[in-house]
Structures are given as structure tokens and as C-alpha cells.
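This report concerns only the one structure given below.
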Amino acid sequence: MSTALLAWYDANARVLPWRVPPRSDERPDPYRIWLSEVMLQQTTVAAVKDYFATFTRLWPTVEALAAAKDEDVMARWAGLGYYARARNLLKCARAVAERGGFPDTVEGLRALPGIGPYTAAAVAAIAFGRPETVVDGNVERVMARLHAVQEPLPASKPVLVAHAAALTPEARAGDYAQAVMDLGATICTPKSPACGICPCRAPCKARAEGIAAELPRKTPKKPKPVRLGHVFVIRREDGAFLLERRPDRGLLGGMLGWPGSDWGEAPEFAPPVAGALEEVGEVRHTFTHFHLILRVHAGRVDGAAPDGLGWQRLSPAALPTVMRKAYDLAATSPALNVAGD
DNA sequence: AACGCGTGGAG
DNA sequence: TCTCCAAGCGT
């Protein structure tokens, strides 16, 4: 099994910016492997590519990243989502720089901020050649199909991990891990797997039973409630905007945002500064666990910034997506007149 | 253990 | 429009 998969990988490995081709003499850079793995947590390759290029250009080494300012790293992460990753990325980089390099064992890696079972195993296997079992969503899907596991996730996870461990080879564990992930991304896909060209079709039980596309089963998710909120996009005559730095914990933690109401059924709201503001419309955005309708108020106002808020020049790219949507709407309205002067 | 935590693309 | 989902982690 693992032999056939490695042979397939040798011929079909995707070319990725953080990856060293199979059978190459080049050793992967642990920093780049770690950075890519953190960015790829619950995030597609397509979404990660530009961010990876920017981060490695600005901060080519873990020491450089460790020396970066928090606000710069958060601004560059904006739009990628799951912002706790960026906060933990910095904590981790500083811990690694302090100790003089990445640990080369799963136990050492696992102790670092933002590195869980998956990322620790992936870095240990890919960057350090250790025979660790790497289990991500792809591996779960491939194992569920190979062994026709009917039990739904997440209850079946321990069984899938055991199957994955039984198949992990001593040699080339990093290539093997990447091979399963490439297989899951290109052939053993969630919706319509290409079983006809799969290097693992011979031993695959789900394929034999004709139920590959139905596995892995998953326990149904809860419906998402709809919440309502109000934000104020306020611009001063000199072009500065009134912004807040959100607290480190919770939704959009550590990111820039527009001042406004809580988000709920019918939240109270009041402008943070007095002046002429008008409601310019609403934007919709879906988070992991709720839908949001955000009413956007905008205007040009001067005045002292209340506690917790500050006037600053704005690069819209530094905003998380929901806040950038509000900005984009406000920027097209006469109330803000961004283009007018 | 179950839930909170983003986003954009595919179907 | 809507649901699902993509190389998970922290609490």
C-alpha cells in the first residue's frame, strides 16, 4: 500500500512553494514547513499561496518573524481567517528563536503554541524525516474509504488514526504523509472520487462496495443562527479612520475593526463620536457558527477618539474580511466621499 | 468533550 | 441561495 502510494507520489507530487520535490537531495527548511502547515490548517492551498509568498519575503527566517511587530503580522494575516493562528504563530516563532531553532521531535514540537497533533507530526515527518503518523482530513477520508469505516466522524477518529499508523512506513514518512494528502486533494476527493485512476483502488473496500463517495460519514452539524450588528465607518478630514484593536481573545481577536454594537438579536447601538452619520446599507458575512448581517453607518466627523479607539491611516488589506466588506460598502457611499478628495 | 474560531470556492 | 468543506487548535 504505502509502496504503491510512494511510487504514485514520485510521479505525481504537486509542485508547491513550501515543498521539496520527492527524491531530491535538498532538505526542507523547518521554518517554511512549519509556516505552511499553520497556514494550511483548515485552509485551502489556493488561499495560502499568496500569504506564504508574502510572509517568506518579509520574514525569511524564524528569527526575522520573531522580531516582527505584532500589528504587522496581524495585518499581513488579515483575510486568511482563524486569527488565533497568527497570534500563536508569533508566540511560537519567539519561543523557537529563543531556544535556537525548531525542536526535531513530535514531543518538542507539540509543546509549542499553535502546534497540535497534526502539525507536530507533519513537521517532524516532513522537515526531520521522523516516522510519525500524520492525520488530517485527507488521511481520515482515505482511511475511512480504504477500510470502509461506517462509523461517523468524529467518533471514528481513533479507528482512523490506528489505520493510518499501521500504514505509515519507517522510511520516507514525510513523503508518505504528503502522498496521502495529495491523493486526498486530487483523487480521493470528498464529493466524487476518481477511483478509476487511484493507485489504492485494489485494496480499497469502499471502492469495492461502491460507497466511496459516501465516506467518511459525519454527524450532522447544528444550523447557524443569524445575528445582527451595527458598525461605524468614520473618516476625519485628514483621511484618518476611527478604528479599534479587538481584544486578543475571541472572534477576530487581535485584529483591527470598526467600532459598533454587540452582535445579537436586536443590539443597542450608538455612534462613538457625535456628528452627521447615515446608514449606507448592510453587508452579510458567514462565520464558522453564525450568519451576520452588519448595518453600516458612515460619515465624516472630527473629534477626540473615545477610550479604546484611535484615529489612524487605513490600509483596507489589513482588515479582516467582514470589516473590509463594511469598508468597501462605506467607501462607495457619498457619506464618506473617499474618492472625492 | 464539545464548542468557538474565518474565509472563499465548489457544487 | 445554501451547504459543505480545506494540511486543526485551544479551552
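Below, all heavy atoms of this structure are taken into account, side chains as well, without hydrogens, waters or symmetry copies. Throughout, protein chains are lettered first and strands after them, A, B, ... in sequence-line order, and every chain is numbered starting at 1.
Following rounding to the nearest Å, Glu214(A) (CD) and dC5(C) (P) show an atom-to-atom distance of 14 Å. If you take CG of Asp248(A) and P of dC5(B), they are 14 Å apart, rounded to a whole angstrom. If you measure from atom CZ of Arg284(A) to atom P of dT3(C), you get 14 Å, rounded to the nearest angstrom. Atom CZ in Arg141(A) sits roughly 9 Å away from atom P in dC5(C) (whole-Å rounding). The distance between atom NZ of Lys221(A) and atom P of dC2(C), rounded to the nearest whole Å, is 17 Å. Going from atom CG of Leu40(A) over to atom C1' of dG8(C) covers 11 Å, rounded to whole Å. What separates CG of Leu89(A) from P of dG8(C) is a distance of 16 Å, to the nearest Å. Rounded to whole Å, the distance from NZ on Lys218(A) to P on dC4(C) is 10 Å.
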Along nucleotides 6-11 of chain B, 5' to 3', which nucleotides get a B, which get an S, and which get a -, given that the test is a protein heavy-atom distance under 4.0 Å?
BBS---
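In summary, Arg76(A) and Asp72(A) do not engage in a salt bridge, as defined by a charged side-chain N under 4.0 Å from a carboxylate O.
For the P atoms, the distance linking dT11(C) with dG6(B) amounts to 14 Å, nearest Å. As rounded to the nearest Å, dA6(C) and dC5(B) have P atoms that lie 22 Å from one another. Taking atom C1' on both dA1(B) and dG10(C), the two are 13 Å apart, rounded to the nearest angstrom.
Here the closest heavy-atom approach between residue Lys49(A) and residue Leu16(A) is recorded as CE-CD2, 4.2 Å.
Note on Arg14(A): a base of the nucleic acid sits closer than 4.0 angstrom, heavy atoms only. Counting any heavy atom pair closer than 4.0 Å across all strands shown, Trp18(A) reaches a base atom. Among the heavy atoms of the strands lying under 4.0 Å from Leu16(A) is at least one base atom, whether or not backbone atoms are also near.
At distances below 3.5 Å, not a single donor-acceptor pair connects side-chain atoms of Arg235(A) with backbone N or O atoms of Arg300(A).
Nearer to the 5' terminus of DNA chain C, by closest-nucleotide assignment, is the contact made by Ser36(A) (compared with the other of Ser36(A) and Arg110(A)).
Atom CG of Leu294(A) is separated from atom NE2 of His285(A) by 10.0 Å, given to the nearest 0.5 angstrom.
Relative orientation of the Tyr327(A) and Phe241(A) rings is perpendicular, given thresholds of 30° and 60° on the angle between their planes.
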Which donor-acceptor pairs under 3.5 Å do the side chains of residues 96-113 of chain A make with protein atoms, sequence neighbours left out?
from: Arg99(A); atom 1: NH1; to: Gly101(A); atom 2: O; distance (Å): 2.6
from: Thr105(A); atom 1: OG1; to: Gly108(A); atom 2: N; distance (Å): 3.1
from: Arg110(A); atom 1: NH1; to: Ile115(A); atom 2: O; distance (Å): 3.3

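Of the N and O atoms on the side chains of Gln41(A) and Tyr118(A), not one donor lies less than 3.5 Å from an acceptor on the other residue.
Side-chain nitrogen and oxygen atoms of Lys222(A) include at least one within less than 4.0 Å of the OP1 or OP2 phosphate oxygen of dC3(B).
Residues Val231(A) and Leu329(A) fall within the same hydrophobic cluster, defined by Ile, Leu, Val, Met, Phe, Trp and Tyr side chains chained together at heavy-atom separations under 4.5 Å. Under the 4.5 Å side-chain contact rule for hydrophobic residues, Leu58(A) and Tyr51(A) share a cluster.
Under the 6.0 Å cut-off for aromatic ring centres, Phe52(A) and Phe55(A) do not qualify, their centroids lying 6.0 Å or more apart.
Applying a 4.0 Å cut-off to non-hydrogen atoms, the residues of residues 116-126 of chain A that approach DNA chain C are Gly116(A), Pro117(A), Tyr118(A), Thr119(A), listed by residue number.
Between dA6(C), dG8(C), dC5(B), one nucleotide has an atom nearer to the side chain of His289(A) than all others, and that is dC5(B).
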